[in-house]
**Student:** 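Just dropping this structure here.
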Amino acid sequence: MTDTAAETAPAPTPTPAPTGKPKARKRAFAVLAIVIVVGLIVWAVFHFLLAVPEEETDDAYVAGDVVAITARDPGTVVALHADNTQSVKAGQPLVELDPLASDVALQSAEAELAKAVRATRADFTRVGQSDAGIVQAQAELSRARDDYARRRGAAAEGAVSGEELDHAADAVKVAAANLNLAREQRRQATSTVAGTNVDTNPAVLAAKAMYRRAAIQRSHMRVTAPIDGVVAQRTVQVGQQIQSGTPLMAIVPLQRLWVDANFRETQLKDVRIGQPATVVADMYGDDIVYHGRVVGLAAGSGNAFALLPPQNASGNWIKIVQRVPVRIALDPKELRANPLRVGLSVKATVDTASKGGARLAAAATAPYRGDTAGYDDPMVEARIRQIVAANR
C-alpha cells in the first residue's frame, strides 16, 4: 500500500522562473527618483528664490466706524424714520422729537431780541436828550451869570441889597451844578451805546445769541444722519421720553471699512506703510479677492490694551508671541461691488517685497466732519435781520 500511495501522490509544482526585467525596474525607479528630486528643486527655487515675499494671517477681521446717534436735547419721540438694516443718506431724518417746548422757547427769544433792539434805540435817544439838557443847562448858567453881574453892579451903587446879590450868586452855583449834572448824565447815556450801533450793541448781540441758541435747540428736535451708512443698534421707541445724551441708534458706513489683521510680532520685520495687501473674506470665499494697502500699525499689542493686561513681572513666566493689529484699507469700489460687514473673519496677505515705506503712519486727518445746523443756518440769520429791522 505504501508503494501505491507513493505512486498516486501528485508531483510538486515547479516554481516559475521570473519573467520581469530587473534592469527595466531599476531604470523606472531611477527615473521616478530623478523626477521627485527635480520637483523638489523646482519647488524650492520658486518658494525660496522666485516667490514674492509676503506675510499672511487668518487672525483678521473687518472693522469700521460705528457712528453713535445720541439726543442733544431732551424731548419726547414722536416719529422714527429709519430702522435696523436700512440704508440712510447724510442729512436724512432719523428721529423726530416733540417741538412744542422748543417752539415756545424760540418765540420767547424772538420777543427778547425785539425788546433789546427797542431798548437800544431808547439808549440812543437818551444820548440826544442829554445833549439837549446840556444846552439848556448852559443857557441857564449864562443867564444866572448875567443876572449876577447886573446885580453886583447895582449893589455897588446901592440899588440892590446884599441879600438879593447873594441869591443871584446862589443861582449861578445852582446853574453850574445843573450843567455838571447834565454832562454826567450824557456820559452815562453815552457809555451804553458808545462805539456801537443797534446791530452791534452788546444787549442786542446777547439777544441774538439767545435766539440762535433757541433755534439750535429747535433744530435738535429732528435728529438727522451725519453720514451715509446702514442703521444698527436702534434702541429708541416712539413715545419714549429721552434725555440729553441718550443713545438712539448707530450708523455704520459700509463704504468705508478696513481690516485689522493681527500679525505675530515675528512677522512685522518687513511690514511697511503703503505695502499692497489682498484680503479674502470667509463670507464670499476665495472667488472674491479684495485689494488694499497697509495704512498703519497699532501702537501696541493686543495684550497691552486689554482690560486686564498680563503682569509678567510676577509669578512664573512663559514667553508668548504677541500679535499687533495692522490696519489695511480696502478699495471702496470693491466694497460697493461686494459689501462686507463689521466683524467678519478674513484672511489677509501683505506683499512685503517693497520696503521703502515708512514704519509709522502719516499725520492724522479727519475722515468726517460734524454738522453745525442751527447756528449758521441762513434762515435763522435772515429771521434775526427781520426782527432787528422791524424794531429798529
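The first residue in the sequence is number 1, and the count goes up from there. Side-chain atoms are counted along with the backbone in the values below, which use heavy atoms only and exclude waters and symmetry mates. Being a predicted model, the structure only gives us computed values, none of them experimental.
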**Student:** Hey, quick one: are Val280 and Val346 part of the same hydrophobic cluster, counting side-chain heavy atoms closer than 4.5 Å, chains of contacts allowed?
**Tutor:**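 The answer is no; the residues belong to distinct hydrophobic clusters.
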
**Student:** Atom CZ of residue position Arg145 - does it have more than 12 heavy atoms of other residues, nucleotides or ligands inside 6.0 Å?
**Tutor:**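 Open: at most 12 neighbouring heavy atoms sit under 6.0 Å from CZ of Arg145.
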
**Student:** Atom CG in Leu335, atom CG in Leu330: separation rounded to 0.5 Å?
**Tutor:**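 Those atoms lie 5.0 Å apart.
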
**Student:** Under 3.5 Å, side chain of Arg323 to main-chain N/O of Asn262, donor-acceptor pair present?
**Tutor:**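 At least one qualifying donor-acceptor pair exists.
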
**Student:** Is it true that Val324 and Val295 fall in one hydrophobic cluster, defined by side-chain heavy atoms closer than 4.5 Å?
**Tutor:**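 No, it is not one cluster - the side chains of Val324 and Val295 are not joined through contacts under 4.5 Å.
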
**Student:** Does the distance from a Lys or Arg side-chain N to an Asp or Glu carboxylate O, for Arg383 and Glu110, drop under 4.0 Å?
**Tutor:**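 Salt bridge between Arg383 and Glu110, a charged N being under 4.0 Å from a carboxylate O: yes.
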
**Student:** Would you find more than 12 non-hydrogen atoms of other residues, nucleotides or ligands less than 6.0 Å from Gln241 atom CD?
**Tutor:**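 Correct, the count exceeds 12.
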
**Student:** For the pair Ile251 and Leu94, evaluate side-chain contact (heavy atoms from CB on, under 4.5 Å) and give the outcome as yes or no after the intermediate values.
**Tutor:** CA-CA 11 Å; Ile251 296 180; Leu94 300 177; 3.8 Å; yes

**Student:** For Ile242 and Leu97, what are the C-alpha separation, side-chain angles and deciding distance, and is it a side-chain contact (heavy atoms from CB on, under 4.5 Å)?
**Tutor:** CA-CA 9 Å; Ile242 61 176; Leu97 305 179; 3.6 Å; yes

**Student:** Indicate if Val350 and Leu297 have the same hydrophobic cluster label, given that clusters are the connected sets of ILVMFWY residues with side-chain heavy-atom separations under 4.5 angstrom.
**Tutor:**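 Yes, because Val350 and Leu297 connect within a single hydrophobic cluster, where side-chain heavy atoms sit under 4.5 Å apart.
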
**Student:** Near Asp83 CG, under 6.0 Å, is it more than 12 heavy atoms from other residues, nucleotides or ligands?
**Tutor:**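 Check passes, neighbour count above 12.
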
**Student:** Should Val95 and Met249 be marked as a side-chain contact (heavy atoms from CB on, under 4.5 Å) after you check the CA-CA gap, both sets of side-chain angles, and the distance that decides it?
**Tutor:** CA-CA 10 Å; Val95 180; Met249 61 183 67; 3.8 Å; yes

**Student:** Tell me if the CG atom of Leu32 is crowded by more than 12 foreign heavy atoms within 6.0 Å.
**Tutor:**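 Counting other residues, nucleotides and ligands, CG of Leu32 exceeds 12 neighbours.
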
**Student:** Give a yes or no on whether the backbone of Pro332 and the side-chain of Gln255 come within a donor-acceptor separation of less than 3.5 Å.
**Tutor:**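 Absent.
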
**Student:** Is there a side-chain contact between Pro276 and His291, using heavy atoms and a 4.5 Å cut-off?
**Tutor:**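 Side-chain contact under 4.5 Å: no.
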
**Student:** Looking at residues at least two apart in the chain, or sitting in another chain, which of them share a salt bridge (charged side-chain N to carboxylate O under 4.0 Å, His left out) with Asp199?
**Tutor:**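 With sequence neighbours excluded, Asp199 shows a salt bridge (charged side-chain N to carboxylate O under 4.0 Å, His left out) to Arg392, given in chain and number order.
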
**Student:** Indicate yes or no for a side-chain donor-acceptor contact from Gln217 to the backbone of Ser102 under 3.5 Å, with no hydrogens or angles considered.
**Tutor:**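 It does not hold such a pair.
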
**Student:** Is it the case that one hydrophobic cluster holds both Leu344 and Val342, taking links as side-chain heavy atoms less than 4.5 Å apart, direct or via other members?
**Tutor:**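 Yes, because Leu344 and Val342 connect within a single hydrophobic cluster, where side-chain heavy atoms sit under 4.5 Å apart.
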
**Student:** Look at the side chain of Asp351 and the backbone N and O of Ala353, then say whether any donor-acceptor pair between them is shorter than 3.5 Å.
**Tutor:**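 Yes; at least one donor-acceptor contact below 3.5 Å.
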
**Student:** Do Val238 and Val78 make a side-chain contact, defined as non-hydrogen atoms from C-beta onward lying under 4.5 Å apart?
**Tutor:**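 They are not in side-chain contact.
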
**Student:** Determine the minimum heavy-atom distance between Ser345 and Tyr61, stating which atoms define it.
**Tutor:**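 The pair with the smallest heavy-atom distance is OG-CE2, 3.5 Å.
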
**Student:** Once you round to the nearest 0.5 Å, how far does CD1 of Ile41 lie from CD1 of Ile34?
**Tutor:**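 Reported to 0.5 Å precision, the distance equals 10.5 Å.
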
**Student:** What I want to check is whether the side chains of Asn391 and Arg118 have a donor and an acceptor closer together than 3.5 Å.
**Tutor:**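 There is such a pair between these side chains.
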
**Student:** Compare every heavy atom of Asp228 with every heavy atom of Ala90, then report the nearest pair and how far apart it is.
**Tutor:**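 What the structure gives for the nearest pair is N-OD1, 2.6 Å.
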
**Student:** Is any side-chain heavy atom of Asp270 less than 4.5 Å from a side-chain heavy atom of Lys355?
**Tutor:**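 Yes, at least one pair of side-chain atoms sits under 4.5 Å.
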
**Student:** Short question: side chain of Glu381, backbone of Met379 - any donor-acceptor pair under 3.5 Å?
**Tutor:**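 No; judged by distance alone, with no hydrogens or angles, the pair does not exist.
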
**Student:** Provide the closest heavy-atom pair for Leu340 versus Tyr284 in the form atom of the first, atom of the second, distance.
**Tutor:**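 Taking every non-hydrogen atom into account, CD2-CE1, 3.8 Å.
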
**Student:** For the backbone of Lys347 and the side chain of Glu56, can you confirm whether one donor and one acceptor N or O come within less than 3.5 Å of each other?
**Tutor:**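 No; zero donor-acceptor contacts below 3.5 Å.
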
**Student:** Using a 4.5 Å cut-off on heavy atoms from C-beta on, say whether the side chain of Asn197 contacts that of Thr200.
**Tutor:**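 Side chain of Thr200 against side chain of Asn197, heavy atoms only: contact under 4.5 Å found.
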
**Student:** Side chains of Arg234 and Leu80: closer than 4.5 Å at any heavy-atom pair?
**Tutor:**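 Heavy-atom side-chain distance check passes, below 4.5 Å.
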
**Student:** Quick check: closest heavy atoms across Arg293 and Gly274, and the distance to 0.1 Å?
**Tutor:**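 Residues Arg293 and Gly274, closest heavy atoms: NH1-O, 2.5 Å.
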
**Student:** Sub-3.5 Å donor-acceptor pair from the side chain of Thr125 to the main-chain atoms of Arg121, do we have one?
**Tutor:**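 At least one qualifying donor-acceptor pair exists.
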
**Student:** Is the backbone N or O of Val104 less than 3.5 Å from a side-chain atom of Ser108, with the two atoms forming a donor-acceptor pair by type?
**Tutor:**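 No.
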
**Student:** Decide yes or no for Val230 and Arg341: does some side-chain heavy atom of the first lie under 4.5 Å from some side-chain heavy atom of the second?
**Tutor:**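 No, every pair of side-chain atoms sits at 4.5 Å or beyond.
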
**Student:** How many angstroms lie between atom CG of Asp103 and atom CD of Gln107, to the nearest 0.5 angstrom?
**Tutor:**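 Between Asp103 CG and Gln107 CD, I get 6.5 Å after rounding to 0.5 Å.
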
**Student:** Could you walk me through whether Thr57 and Arg264 pass the side-chain contact (heavy atoms from CB on, under 4.5 Å) check?
**Tutor:** CA-CA 8 Å; Thr57 181; Arg264 297 188 303 274; 5.9 Å; no

**Student:** Do Tyr211 and Ile387 come close enough that some side-chain heavy atom pair is under 4.5 Å?
**Tutor:**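 Sidechains of Ile387 and Tyr211: in contact.
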
**Student:** Between CG of Asn178 and CD1 of Ile134, what distance do you get to the nearest 0.5 Å?
**Tutor:**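 With rounding to 0.5 Å, CG (Asn178) is 12.5 Å from CD1 (Ile134).
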
**Student:** How many angstroms lie between atom OH of Tyr290 and atom CD of Glu334, to the nearest 0.5 angstrom?
**Tutor:**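 Taking OH in Tyr290 and CD in Glu334, the distance rounds to 8.0 Å.
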
**Student:** How far apart are the closest heavy atoms of Ala60 and Ala261, and which atoms are they?
**Tutor:**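 Shortest heavy-atom separation between Ala60 and Ala261 comes out as CB-CA, 3.7 Å.
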
**Student:** Side chains of His81 and Glu96: donor-acceptor distance under 3.5 Å anywhere?
**Tutor:**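 Judged by distance alone, the side chains do pair up.
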
**Student:** Would a distance-only check, ignoring hydrogens and angles, find a side-chain to backbone donor-acceptor pair under 3.5 Å from Thr235 to Pro247?
**Tutor:**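 Checked: pair present.
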
**Student:** If you take all heavy atoms of Gly64 and Leu257, which pair is closest and at what distance?
**Tutor:**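 Smallest heavy-atom distance, with atoms named: CA-CD2, 3.8 Å.
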
**Student:** Check whether any side-chain heavy atom of Asp73 sits under 4.5 Å from a side-chain heavy atom of Met221, and report yes or no.
**Tutor:**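 Yes, at least one pair of side-chain atoms sits under 4.5 Å.
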
**Student:** Taking atom types as modelled, find out whether Thr352 and Glu54 have a side-chain donor-acceptor pair closer than 3.5 angstrom.
**Tutor:**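 Result is no, nothing qualifies.
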
**Student:** Hydrophobic clustering (ILVMFWY, side-chain heavy atoms < 4.5 Å, transitive) - are Ile216 and Leu100 grouped together?
**Tutor:**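 No, no single cluster joins them.
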
**Student:** To the nearest 0.5 Å, tell me how far Asp65 CG sits from Leu254 CG.
**Tutor:**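 The CG atom of Leu254 is 11.0 Å from CG of Asp65, to the nearest 0.5 Å.
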
**Student:** Mark yes or no for whether Asn84, through its side chain, and Gln233, through its backbone, hold a donor-acceptor pair below 3.5 Å.
**Tutor:**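 Indeed, once roles are kept as given, a pair shorter than 3.5 Å links the two residues.
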
